[in-house]
Structure formats: structure tokens, C-alpha cells
Amino acid sequence: MKNPEAQQDVSVSQGVRMMFYMMKPNETSFQTPEEVPDYVKKATPFFISFMLLELVISWVCKGKPLSRVDDVLTSLSAGILSRLPSLFFRSIEVTSYIYIWENYRFFSLPWDSPWTWYLTFLGVDFAYYWFHRMAHEVNIIWAGHQVHHSSEDYNLSTALRQSVLQIYTSWIFYSPMALFIPPSVYAVHLQFNLLYQFWIHTEIINNLGPLELILNTPSHHRVHHGKNRYCIDKNYGGTLIIWDRIFGTFEAEKERVIYGLTHPINTFDPLRVQFHHLFYIWTTFWATPGFFHKFSVIFKGPGWGPGKPRLGLSEEIPEVTGKEVLFSSSASQLLKIYTVVQFAVMLAFYEETFANTAALSQVTLLLRVLFIILTLTSIGFLLDQRPKAAIMETLRCLVILMLYRFGHIKPLVPALSFVFEIFYSICITFWGVRSMKLLATGPGKPK
Ligand SMILES: [Zn+2]
Ligand SMILES: [Zn+2]
């Protein structure tokens, strides 16, 4: 919800419990949507703490980290991109809901009743199941959702790999609830349903015994992220797995799951990760003859083609061998460390922007968002070793020094501000020299 003034505080205990949907109706019931805290925004420190904990545990138990820098940065970039529109407007998932509630509701359930709270919990999870299923079965909805499946790793950062486009279709599935459930109750559960799905993206939890019967668990969701044939189009549940058991889409974890898209995109460019399938649909749409076939390109499954069943042919899904080589950046270790440092500087800027939204003009906000997108794109170009990465990074470092001079970026330790200036001056010189060489000799690969 975009109303920073009305934000309620979330205690540490509530913060931990909200990550597991262990909240009580009496502490999370509000009369109006404006009073509902932005729980997702308040979850950032918990996302970071849990990811660090997973890193340590995987290192201790498995002897190696279960995450890779290039993949994690791409996931976090997608998470940041998906949150940027909320700086300007309330999400369409809530706006459309309030519109239907105000104009077309049949009756109003009491906002402060625990019964309404539990019914909404079930309603949001049920609607999520059908949205998620359609996100895999309808090509145009998949164009958004595929972002979440594009990681070839499976760890807590994968949960944050979210789509910018997804909310423009998901709202439809929640809208029937607006005929009788107050927007404030819906806005609470919409956030908890999303937050619950964070902790299940991990390989360090194996099996949770009887809980596996009812809840969506790491094991069930690993299957959902698999590209093994037995995993395709299975386990769509958000919080509960009962919907999959009822509607016949449940599959238990069997042989080792290989993660990612059946046709990998092999890039760390955050904008290509977000929009590549939309462009694919666009070109396929124009290349496919006939009105009904064009219609099918948009509304049938991603694997559909003329003469095939609605969801395509399972034998066309590439078999996994277990010997798949993960797509990795060929950047040097030093360059990867550099991208992590640049990402951390940008993350502090991003957090500060969200914290001060109300005090910033729309133009300043827009310019800040453009800088964040530029940073994420430049990091993607560096990891992809794109020839133009040096030029983009030179320009970006110039912009960051300008932002610093105009007071938009403040070093964490003010006494060390001269270090900040020296560091970025060195960066500009380094990338500037590489850009000059590039312009003089033609495209090559920066190291
Ligand atoms: Zn999915
Ligand atoms: Zn997932």
C-alpha cells in the first residue's frame, strides 16, 4: 500500500512470523486499506538475514555455497525492478480490487471478524492457485511469470526473482473476492501469501513429514521449479498444497530436480530476463498465419503450435540428463566482486528512495528510478561480458558522482566521503580507458 504516513510498526517477532504466515487476525486486521502496513517493504532485512543464514548453513553442511554471484544478482535485480512501479502508484492488484468493492459489491463481510480473516486466507490462496496455473498454461500470462522460473539455481534469492508484468494479469483472479471481502483484509493476505513463498525456495530443508500433506513446502516447490518432464506444470499452490491434490496437479519430489526454463535464456541482462518472452510472443504472433492460430499463440500454452494440443507435446520438452552445465558468467572473480560492490551501493540508494518517497518530487523519483535501472542493466552487461559494458559503466559512474555532488547519494560513513569520490574517479578512469580502446579497436570482450 502506498501510504507511508499511516504505516504501522512491525516488531522483530512479527517480522519473523510474517515470513511464515504465523500472524493472528487480531494483530493484522485493519478497517481501511490505507492503514495496512507495507509488510513486503518491511521484510527486506528478513530477506537479507535469511539469505545469509542459508549461505552459512549450505557452506557448513554441504561444503559449498548453494548460490552463485551472477545468478543471485540477477534474481535480486528482478526483485528490485518488480517493486519500482510501487514508487509511483498503488499496485493494480489493489486498485482494481477497491474499484470493484466500491462499485459492485454484493454485501460486506465484517473487516474485524476472525472468520473473515480465515476465509480471506483461503480465498487468496485459492485464487493464487488458479492464477499460477493459468500463468503456466496461458502464453501471455507466462510472459510475465517465466521470470520467476529463469534461475538455474534454487535458493532463497530465487524467491525474489519476480516479474514486472505479472500483476497486470494476476489481479483478475482475485477480483471476485471484491464482491464481499473488504479490501483491507485482502491487502493483508495478498502480502502474506507472497511472503510465505519466500522460505520454501531452498534446498537445505528436505522433508517436513505430515506438514507435506497440507502445506506448500520446499520439497513441493522444488518440483514446481524443475524442468524434468515429471515436474512440468505441477504444484501450483502458494501456501497450501491441497489445491493441487484436489485439482490433480500434485507431484511429489522423486529423482533429482534440474531447475530453470526448458529453453534457457543464457543471459544476466535484467531487462531481457523480464521481457524476452513478450518479444518472442510478438514475433511468433506475426509469423503465425490465420486469426485463430494467432489467437492461440497468445492464449494457449507456451508449448503450443499449430496442430498440437493446447499445452503442447510433453515429448518436445528436452529430457534432462543430470549433466547440465549451469549458465555462468565468464567475468573474472575481481569483476564479480566489483559488481557486488556496485549492487550494494545501489541497494542503499534504493532503500533510501523508498524510505523518502513522500519527500521526493515525481521528477526526482523518476530520475532515481532510471538510475537504478541503468545500474542493474550495467551490472547485467558486465556479467554477460557484452562489448558495450565499458561505455555504459563509464557513463553510470559519471552519473553516480553527479548524484553524490547533488546530495542524492550519501556515503554510509560521512567522514569517508573522500574515499567514495576517489573510488568512483578511479572507476571512471578505468572504464573510460577501456571504452576508448573499444572505440579505437572495435568490439572486444572486457575482462
Ligand atoms: Zn510458477
Ligand atoms: Zn517459486
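Counting starts at 1 for both ligands and their atoms, in listed order. These figures come from a predicted structure and were not determined experimentally.
When ring centroids are compared, His148 and His224 stay outside the 6.0 Å threshold.
Side chains of Thr249 and Tyr129: a donor on one and an acceptor on the other come within 3.5 Å.
With respect to the salt-bridge test (charged N to carboxylate O, under 4.0 angstrom), the residues Asp71 and Arg161 qualify. The pair Glu352-Arg368 meets the salt-bridge criterion, since a charged nitrogen lies less than 4.0 angstrom from a carboxylate oxygen.
In summary, His136 places an N/O/S atom under 2.8 Å from the Zn ion (ligand 1), meeting the contact criterion. For residue His224, an N/O/S atom approaches the Zn ion (ligand 1) to within less than 2.8 Å.
Draw a line from the Zn ion (ligand 2) to NE2 of His148 and another to NE2 of His221, and the angle between them is 160° (to 10°). If you put the vertex on the Zn ion (ligand 1), NE2 of His132 and NE2 of His149 sit 160° apart, to the nearest 10°.
Both cation-pi conditions hold for Arg386 and Phe381: the charged atom is under 6.0 angstrom from the six-membered ring centre and inside a 45 degree cone around its axis.
Closest N/O/S atom of His225 to the Zn ion (ligand 2): NE2.
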